[in-house]
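Everything on this sheet refers to the single structure shown next.
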Amino acid sequence: MEKMNETNATAAQAAQADRHAFGFWVYLMTDLVIFGVLFAVYYVLKASTFGGPSSNDLFSLSTALTNTIVLLTSSFTCGLATLAARSKKLNQTIAWLAVTFMLGATFLTLELSEFSRFMSAGASWQRSAFLSAFFTLVGTHGLHIAVGLLWIAVAIVQLKVKGLTPSVVSKLDRFTLFWHFLDIVWIFIFTTVYLMGIM
Amino acid sequence: MTHFILGDLTWAALPHAWYTIGATGTIFVGGIVVMAVITYYKKWKWLWKEWFTSTDPKKIGIMYIVMASVMLFRGGLDAMMIWLQQSISVGNAPGYLGAPSGYLDASHFQQIFTSHGDIMVFFVTMGFFFGLMNLIVPLQIGARDLAFPFLNSLGFWLYVAGAVFINMFFVIGGEFAASGWLSLPPLSEIMYSPGTGVDYWIWSLQLSGLGSLLGGINFIVTIIKMRVKGMTLMKMPLFTWTSLCSMALVVAAFPVLTITTLLLWYDRFFGMHFFTTTAGGNPMLYVNLIWMWGHPEVYILVIPAFGIFSEIVATFSGKKIFGYVSMVCAVICITLLSFMVWLHHFFTMGAGADVDAFFGIMTGIIAIPTAVQIFNWIATMFRGRIRFTTPMMYFMGFVSLFTFGGMAGVLLSIPGADFELHNSLFLVAHFHTMIVSAALFGIFAGITYWFPKIMGFKLNEKIGRRAFWLWIVGFFVSFTPLYILGFMGATRRLDYYATATGYQPFFITAGIGVCIIAAGVLMQVWQVVVSVRERKDNMDTTGDPWDGRTLEWATSSPVPFYDFAKKPEADSRDAFWEMKKRGEWPRATARTEYEDIELSKNTGMAIYLSGFFFLFSFGAVWHIIWLMALGFVGCIACVIIRSFDDDTEYVIPAAEVEKMETLAWKK
């Protein structure tokens, strides 16, 4: 079978990468709607503690702040990975992705230990509507982080196997969007759930 | 241990009522017959290779339409069962089949109206529209495929999985949700609906909802990024415009459905308290959220039909559409306004006069852009040379019915009036008038109009017109009584009423109407059968059977799998009409320069992925944890495997294209 000529192929590839990026933005907006609903539900149910612990009783500023710093740093290292990929430095890209992975995993561990602390204090998601909403909102973000970690792992394998091919780099770009998006969502969680919950 | 393996499944879940045994029998016998036929003709490989794994939007479109037609029969059967019960379940009338009155007990009746609503909305109307969009939108914008062919296939198979799932309860479980098509809590909470019916409802919506969402993203990117040279946004055909608006609504609204029904499932599965009546839960929160999706949803169902009718009225009046710009503005206006009216579904909640007044006014305002469209359509017909074909008949039926039902809607938008009519049959009659006239008539008109483009021959006109008359007469006979019943105070979802109410004659009249509609459906089936048999007489050899105006007609019929041998260009709104005026059509005999065409390869991955999601959902309904884990891991594995596959496209060389083109035009 004949191959398409070189310039045509490059143009088609660029158009496809463009479509993928745009499609991913649209997907992120749908995810944003999901978070929007969860935030709204949380605000509505925040006061419905049903005699159980309230946000003031549970949240600790230091944990939330540590989490925030870890996640923001991971966004920075994720950006460094992108820069490395742009300048075609394979090993550096992998290294920064690995650092991002470690930071993401740390975040997740901290979050899960916070959850288990709440649970053992009798503040499970079954206790009150407030806690259902809290666990679901923060947990959904955590689930996204877990998906992101899996994505990093797959990306590292693909980089090792295939190198910095246009298709791998385009996927990496979309991962970066995803990761930064989760950062933005976390900033809203940090301010409107944790900070406003303690104040 | 048994609980680990089977979850909540027991022998009692197997069919034991007459309707589950009947349906299960029908499913199995039907399935065995279909499989036997396929095996006998040795068509399995052909089905798998040519259809199931295809990423060609035309094939996916046809599969959507076939599936939606099957579901239309299922939903229609529900409608007939509802009406039969309401016609005979009165006063001291005897009960049959073990029911105290009529032939259905209350719970079974509730399950039927629930599944009627869900099937008609999610699996009939949405299915047909996704089918038509798949078939026509790429052609109208001169694209060869959608932006994400794999996601398109995945969206379709998730829709199929959802459609199978909503019928699964017949075989395993024996009960569907009895809580209405939106399953409002607290009724749908575990305390009041302890069975698996609501879970089946939730997960069939998760499956098909995700499919719709993927479709929405896909069409938006396709329409924004893949139009032919010269086609600016304001030169797009109106069906493409309305598809874009409808898909924008899908993308903005469907995540709300996904997360809201998921929260309901968290309540049921994890014992959370979002919408419960205990521990601080708030059932009205669910009602608000579900209608924030639900109201845009009804516009998702009617907006594409506006586009279909715009194409049809322009073509068969032989004129360009009147007021194109105002048409586009009106559609965008409706799209935006549809997010600001959700509260009119529950004025009676008690949000207070100010809130009700705001939403009442916003609702009334929607009538303005809608009226702009109605006037534009009528003005398009004005002084046109009208051809009264079947699609045009449906169009005129739509305009009259839609105006009629729309005025009922304006009446309902007044909170004071709504307090009287809320949850009455008046409301039921109103939304059926809107959905049947716009969505269903739009679908029938669209299928008849584009049929020759897709299949290569026209549908029989005479039988088509008969089907139309049966539909519209049947519609008036069956729904006018409901308006009157609403004023008489009949509430919706009545499985029994007293003789003194005087409802029965109206219900019987409505029942006769349903029979007339059913005759219309049979007539449509007959139309397809006759048309296929006599297809030789109705072949479309020109590619332009109706004297069309837009680019989908600028290729041979049936459409070749690569859509256009050479991509057309668009320098005006009715691009194909201009081509014909310039004498570039029928195709110049001069040799065309052909080029290599790149298309996406077939893949079975979408089927596997949907299958794993199906298993996950089944596990979620029956609390089978290992099955959920299996489904979950399977889904992720499919995505990862797919992400490693870079070899997803193939090239058809120019010489091959030329050969196929010569063959197509020889006929």
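Labels below follow one simple rule: chain letters A, B, ... track the order of the sequence lines, proteins then strands, and each chain is numbered from 1. Quick note: numbers below take in every heavy atom, side chains included, and nothing from hydrogens, waters or symmetry partners.
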Neighbour count above 12 (heavy atom, 6.0 Å) for [X] [atom1]:
X       : atom1 : value
M196(A) : CE    : no
M119(A) : CE    : yes
R86(A)  : CZ    : no
Y43(A)  : OH    : yes
M284(B) : CE    : yes
W125(A) : CH2   : no
F76(A)  : CZ    : no
K162(A) : NZ    : yes

Report yes if some heavy atom in the side chain of [X] is under 4.5 Å from a heavy atom in the side chain of [Y]; otherwise report no.
X       : Y       : answer
M292(B) : V37(A)  : no
F22(A)  : I220(B) : yes
V639(B) : V154(A) : no
E649(B) : Q16(A)  : yes
V147(A) : I636(B) : no

Does any backbone or side-chain atom of [X] lie under 4.5 Å from a heavy atom of chain A? Answer side chain, backbone, both or neither.
X       : result
F275(B) : neither
Y266(B) : side chain
I224(B) : side chain

Winner by heavy-atom pair count (cut-off under 4.5 Å) against chain A, out of [options]:
options                            : result
I217(B), T276(B), T222(B)          : I217(B)
A253(B), A147(B), G281(B), S643(B) : S643(B)
T258(B), N218(B), V256(B), L151(B) : V256(B)

Just to verify, what does D563(B) make a salt bridge (charged side-chain N to carboxylate O under 4.0 Å, His left out) with, not counting sequence neighbours? K58(B)
Counting only non-hydrogen atoms closer than 4.5 Å, does [X] touch chain B with its backbone (N, CA, C, O), its side chain (CB onward), both, or neither?
X       : result
L45(A)  : side chain
L131(A) : neither
L32(A)  : neither

For [X] and [Y], which heavy atoms make the closest approach, and how far apart are they?
X       : Y       : answer
M272(B) : T136(A) : SD-OG1, 3.5 Å
F148(B) : H20(A)  : CE2-CD2, 3.0 Å
G280(B) : A129(A) : O-CB, 3.2 Å

Atom [atom1] in [X], atom [atom2] in [Y]: separation rounded to 0.5 Å?
X       : Y       : atom1 : atom2 : result
L262(B) : I34(A)  : CG    : CD1   : 8.0 Å
S132(A) : L263(B) : OG    : CG    : 9.5 Å
I259(B) : F35(A)  : CD1   : CZ    : 8.5 Å
S167(A) : D645(B) : OG    : CG    : 9.5 Å
F270(B) : F135(A) : CZ    : CZ    : 12.0 Å

Side chain of K225(B), backbone of A15(A): donor and acceptor closer than 3.5 Å? no
Looking at the rings of H273(B) and F130(A), which for Trp means the six-membered one, are their centres under 6.0 Å apart? no
Select, from T30(A), L38(A), T49(A), the one with the greatest count of heavy-atom pairs under 4.5 Å involving chain B. T30(A)
